[in-house]
Amino acid sequence: SLKSISGYQNVRSLGPYAFESCSALESFIIPEGITEISDGLFKDCNSLTEVIIPETVTSVGESAFGYCSSLESLELPSGLTGLASMAFAHCSALIGLELPSGIKEISSLLFYECSALKSIRIPAGVSIIGQWAFGKCLSLENVTIPETVIEIKYCAFRGCTSLRNI
């Protein structure tokens with residue numbers, strides 16, 4: 001079972017679903033120069049607890065970290081501008097995440113069923129919170145929504161039974 005990978009620092013692209021279902025993979029350092037975390041790259045990596053993302057990454061693909069049930073936190077690069085749908089869906093151990101200021105939209109299902117997520121600050125500049133973006137985030141208590149948000153879509157916070165402050 002694959003726990004770690006080495007010798008890949010010259011890699012310039014990581015294809016979609018390249019490490020999907022590597023259930024023993026615990027940590028991964030994304031090589032400097034990579035600009036995109038592809039769709040489903042780490043999907044269903046149940047043991048993944050640490051991913052180091054370089055500042056060169058500007059986008060995170062659909063379901064890139066979906067179902068990473070051991071991932072508690074992640075430091076996103078400051079130049080990140082795109083987070084695709086379901087990028088962190090079903091990350092049941094994810095407690096918190098700081099969203100960079102370049103994000104302009106909270107995609108649909110972005111944090112769906114992140115049951116440990118307690119609070120989130122949506123950065124100024126975001127204009128849309130997509131459907132089910134925070135759906136069923138059972139521990140979510142605090143959300144900071146900036147004045148730049150002009151649309152909160154269908155069921156964006158549905159099932160957030162602990163939500164107290166917006």
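- Ring planes of His90 and Tyr67: parallel class, angle under 30° (limits at 30 and 60°).
- Taking a 6.0 Å sphere around CD1 of Ile29, one finds it holds 12 or fewer heavy atoms contributed by other residues, nucleotides or ligands.
- For the 3.5 Å distance criterion, the side chains of Thr49 and Glu72 fail to qualify, holding no donor opposite an acceptor.
- Annotation: the span from Glu36 atom CD to Leu80 atom CG amounts to 11.0 Å, rounded to 0.5 Å.
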*Do Phe42 and Tyr17 pass the ring pair (Phe, Tyr, Trp, His ring centres under 6.0 Å) test, and can you show the C-alpha distance, the side-chain angles, and the key distance before you say yes or no?*
CA-CA 7 Å; Phe42 298 107; Tyr17 302 92; over 10 Å; no
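- Interatomic distance, Ser38 OG to Lys43 NZ, rounded to the nearest 0.5 Å: 14.0 Å.
- Relative orientation of the Trp132 and Tyr154 rings is perpendicular, given thresholds of 30° and 60° on the angle between their planes.
- Counting all heavy atoms, side chain and backbone alike, Pro146 lies closest to Pro123 at CG-O, 3.3 Å.
- Residues Pro100 and Pro77 approach most closely at CG-O, 3.2 Å, considering heavy atoms.
- Judged purely by atom type and a 3.5 angstrom limit, Ser70 uses its side chain to pair as donor or acceptor with the backbone of Asn46.
- Side-chain heavy atoms closer than 4.5 Å link hydrophobic residues (I, L, V, M, F, W, Y) into clusters, and following such links, possibly through other members, connects Ile52 to Leu74.
- Between the Ser127 side chain and the Ile150 main chain, no donor and acceptor come within less than 3.5 Å of each other.
- The two residues Ser139 and Ser115 make their nearest non-hydrogen contact at OG-O, 2.7 Å.
- Remark: Leu83 CG to Leu76 CG distance equals 6.5 Å, nearest 0.5 Å.
- Between the side chain of Ser69 and the backbone N or O of Cys91, no donor-acceptor pair lies under 3.5 Å.
- When all heavy atoms of Ser92 and Ala116 are compared, the closest pair comes out as O-CB, 3.2 Å.
- Under the 4.5 Å side-chain heavy-atom criterion for grouping Ile, Leu, Val, Met, Phe, Trp and Tyr, Tyr112 is not connected to Val126 through any hydrophobic cluster.
- In this structure a side-chain-to-backbone donor-acceptor pair under 3.5 Å is present from Asp39 to Glu62.
- Gly61 and Ala84 make their closest contact through C-CB, 3.5 Å (heavy atoms, listed as atom of the first residue, atom of the second, distance).
- Here the side chains of Ser162 and Leu140 are not in contact, with every heavy-atom distance at 4.5 Å or above.
- Enclosure of atom CD in Glu98 is not indicated, since only 12 or fewer non-hydrogen atoms of other residues, nucleotides or ligands lie within 6.0 angstrom.
- Distance alone, capped at 3.5 Å, places no donor-acceptor pair between the Ser59 side chain and the Gly82 backbone.
- Within the model, atoms CD1 of Ile30 and OG1 of Thr56 stand 8.5 Å from one another, a figure rounded to the nearest 0.5 Å.
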_Assess the residue pair Ile34 and Glu32 against the criterion (side chain to side chain contact (heavy atoms under 4.5 Å, CB included)); give the C-alpha distance rounded to whole Å, side-chain angles, the decisive distance to 0.1 Å, and a yes or no._
CA-CA 6 Å; Ile34 296 284; Glu32 198 66 43; over 6 Å; no
*asked:* Thr81 vs Ile103, test: side chain to side chain contact (heavy atoms under 4.5 Å, CB included). Steps then yes/no.
replied: CA-CA 5 Å; Thr81 56; Ile103 301 297; 5.6 Å; no
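- If you chain together hydrophobic residues whose side chains sit under 4.5 Å apart, Leu117 and Leu109 never meet in one group.
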*Apply side chain to side chain contact (heavy atoms under 4.5 Å, CB included) to Leu41 and Phe65, showing your working.*
CA-CA 7 Å; Leu41 185 62; Phe65 296 96; over 6 Å; no
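- With a 6.0 Å radius and a threshold of 12 heavy atoms from other residues, nucleotides or ligands, Arg12 has its CZ atom above the threshold.
- Residues satisfying the side chain to side chain contact (heavy atoms under 4.5 Å, CB included) criterion with Ile128, sequence neighbours excluded, are Glu105, Glu151, Lys153.
- No side-chain heavy atom of Phe19 sits less than 4.5 Å from a side-chain heavy atom of Leu48.
- Formation of a donor-acceptor pair under 3.5 Å by the Thr144 side chain with backbone atoms of Arg121 is not found in this model.
- Annotation for Thr58 and Gly79: closest pair CG2-O, 3.9 Å, computed over non-hydrogen atoms.
- Residue-environment remark: CD (Glu141) exceeds the threshold of 12 foreign heavy atoms within 6.0 Å.
- Met86 and Ile122 are assigned to two separate hydrophobic clusters, defined by single-linkage of ILVMFWY side chains at heavy-atom distances under 4.5 Å.
- Under the 4.5 Å side-chain heavy-atom criterion for grouping Ile, Leu, Val, Met, Phe, Trp and Tyr, Phe28 is connected to Ile53 within one hydrophobic cluster.
- With sequence neighbours excluded, the residues forming a side chain to side chain contact (heavy atoms under 4.5 Å, CB included) with Ile152 are Ile129, Ile145, Val149, Ala156, Phe157, listed by chain and number.
- Going from atom OG of Ser73 over to atom CG of Leu97 covers 8.5 Å, rounded to the nearest 0.5 Å.
- Remark: side-chain polar atoms of Ser119 are not paired, donor with acceptor, to backbone N or O of Asn142 under 3.5 angstrom.
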_Working note: Ile37 + Leu14, criterion side chain to side chain contact (heavy atoms under 4.5 Å, CB included); need CA distance, chi angles, decisive distance, verdict._
CA-CA 7 Å; Ile37 297 175; Leu14 297 168; over 6 Å; no
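- Side-chain N or O atoms of Ser23 include none that pairs as donor or acceptor with a backbone N or O of Cys45 at under 3.5 Å.
- Distance OG/Ser63 to CD/Glu20: 9.0 Å, rounded to 0.5 Å.
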